[in-house]
Amino acid sequence: MSLEIRKFSMRDGRDIYEMLQEMPADENGFINPVSGKTFEEYQEWLKKAVESSNQAGVVDGWRVPETIFWLYEDGKPVGFGKIRHFLTDALCERGGNVGYAIRPGARNRGLGKRFLSLLIDEGHKLGVDRMLLTVQNKNKPSICIALANGGKIEKVTADRHYIWI
Ligand SMILES: CC(C)(COP(=O)(O)OP(=O)(O)OC[C@H]1O[C@@H](n2cnc3c(N)ncnc32)[C@H](O)[C@@H]1OP(=O)(O)O)[C@@H](O)C(=O)NCCC(=O)NCCS
């Protein structure tokens, strides 16, 4: 099995689009903005997302730049990850620096754990030395993966774990 992480680009094609159609719009707080969209809408989203990832400061007055990465297993896309370059107060409460999802049919084979490790490396390259994950308490696999990647729990509230890596 070969695993590879690739930064997104405006040239991403149908293989990514098809993966995104298999992922829900919102799963445990991880947002997939392309769920239910047409291929043309996906291409438009990619264009805007690439532009905003290249901005230095807050985008549109509230969004922070984020860079998207895909995980490929043997040449097939299996993961969607996002790294926010810095945090606002709101993102310290909800969202954090890193979010990721594995394609439903590819779960429970250790890919989530490997993907987070690769995303941490990419975060370092972007200058994100410490990353916050805000994980819903019910999301046991995600908590387990963050801890397996060296995460330290800062606090646990009624609905979330705040984990720093
Ligand atoms: C979270 C997610 C990425 C995990 O992906 P995955 O490829 O299935 O994860 P892995 O196979 O690497 O590991 C899952 C770990 O959770 C553990 N796990 C799974 N279900 C569990 C449960 N109910 N309770 C405790 N641990 C559980 C597994 O045993 C495994 O740990 P191990 O390697 O020590 O055995 C995937 O479920 C997903 O995409 N969810 C939707 C989006 C999401 O929740 N993203 C995270 C929040 S941003």
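Read the numbers this way: they start at 1 and go in the same order the structure lists the ligands and their atoms.
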task: Please work out whether the ring planes of Phe8 and Trp70 are parallel, tilted or perpendicular, with thresholds of 30° and 60°.
output: perpendicular
Tell me, which protein residue and heavy-atom name are nearest [atom], and how many Å apart are they?
atom: atom 37 (O) of ligand 1; answer: Arg107 CD, 3.6 Å
atom: atom 25 (C) of ligand 1; answer: Lys140 CB, 3.5 Å
atom: atom 39 (O) of ligand 1; answer: Ile102 N, 2.8 Å
atom: atom 19 (C) of ligand 1; answer: Pro141 CG, 3.5 Å

Pairing of Lys37 and Glu44 as salt bridge, 4.0 angstrom limit: no
Between [X] and ligand 1, find which residue part has any heavy-atom pair under 4.0 Å and reply side chain, backbone, both or neither.
X: Arg114; value: neither
X: Tyr100; value: both
X: Cys144; value: side chain

Can you name the atoms of ligand 1, numbered from 1 with element, that are less than 4.0 Å from a heavy atom of [X]?
X: Glu27; answer: 41 (C), 42 (C)
X: Arg109; answer: 11 (O)
X: Asn28; answer: 41 (C), 43 (C), 44 (O)
X: Leu111; answer: 7 (O), 12 (O)
X: Ala101; answer: 39 (O), 42 (C)
X: Ser142; answer: 46 (C), 47 (C)

For [atom], is the nearest protein heavy atom closer than 4.0 Å?
atom: atom 35 (O) of ligand 1; value: no
atom: atom 47 (C) of ligand 1; value: yes
atom: atom 29 (O) of ligand 1; value: no

State whether the shortest distance between N or O atoms of [X] and N or O atoms of ligand 1 falls below 3.5 angstrom.
X: Gly112; answer: yes
X: Val98; answer: no
X: Lys113; answer: yes

- request: Among Arg109, Arg114, Arg103, find the one that has a salt bridge (charged side-chain N to carboxylate O under 4.0 Å, His left out) with Glu73.
  value: Arg109
- prompt: Just wondering, do Leu3 and Phe115 contact through their side chains at under 4.5 Å, heavy atoms?
  reply: no
message: Is the shortest side-chain heavy-atom distance between Phe30 and Phe80 below 4.5 Å?
response: yes
Which heavy atom in [X] sits nearest to a heavy atom in [Y], and how many Å separate them?
X: Met10; Y: Leu46; answer: O-CD1, 4.1 Å
X: Phe39; Y: Tyr17; answer: N-OH, 3.4 Å
X: Asn32; Y: Pro24; answer: CB-O, 3.2 Å
X: Lys138; Y: Asn28; answer: CE-OD1, 3.6 Å
X: Met23; Y: Ile102; answer: CE-C, 3.8 Å
X: Ile153; Y: Ile163; answer: CG1-CG1, 4.1 Å

- prompt: Can Lys125 and Glu122 be said to form a salt bridge (charged side-chain N to carboxylate O under 4.0 Å, His left out), step by step?
  reply: CA-CA 5 Å; Lys125 291 183 208 164; Glu122 294 297 334; 3.1 Å; yes
Residue selection (non-hydrogen contact nearest [atom]) among [options]:
atom: atom 44 (O) of ligand 1; options: Leu71, Asn108, Asn139; value: Asn139
atom: atom 9 (O) of ligand 1; options: Ile143, Ile145, Val135, Leu147; value: Ile145
atom: atom 10 (P) of ligand 1; options: Pro104, Ala148, Gly110; value: Gly110

Arg107 CZ: over 12 foreign heavy atoms closer than 6.0 Å: yes
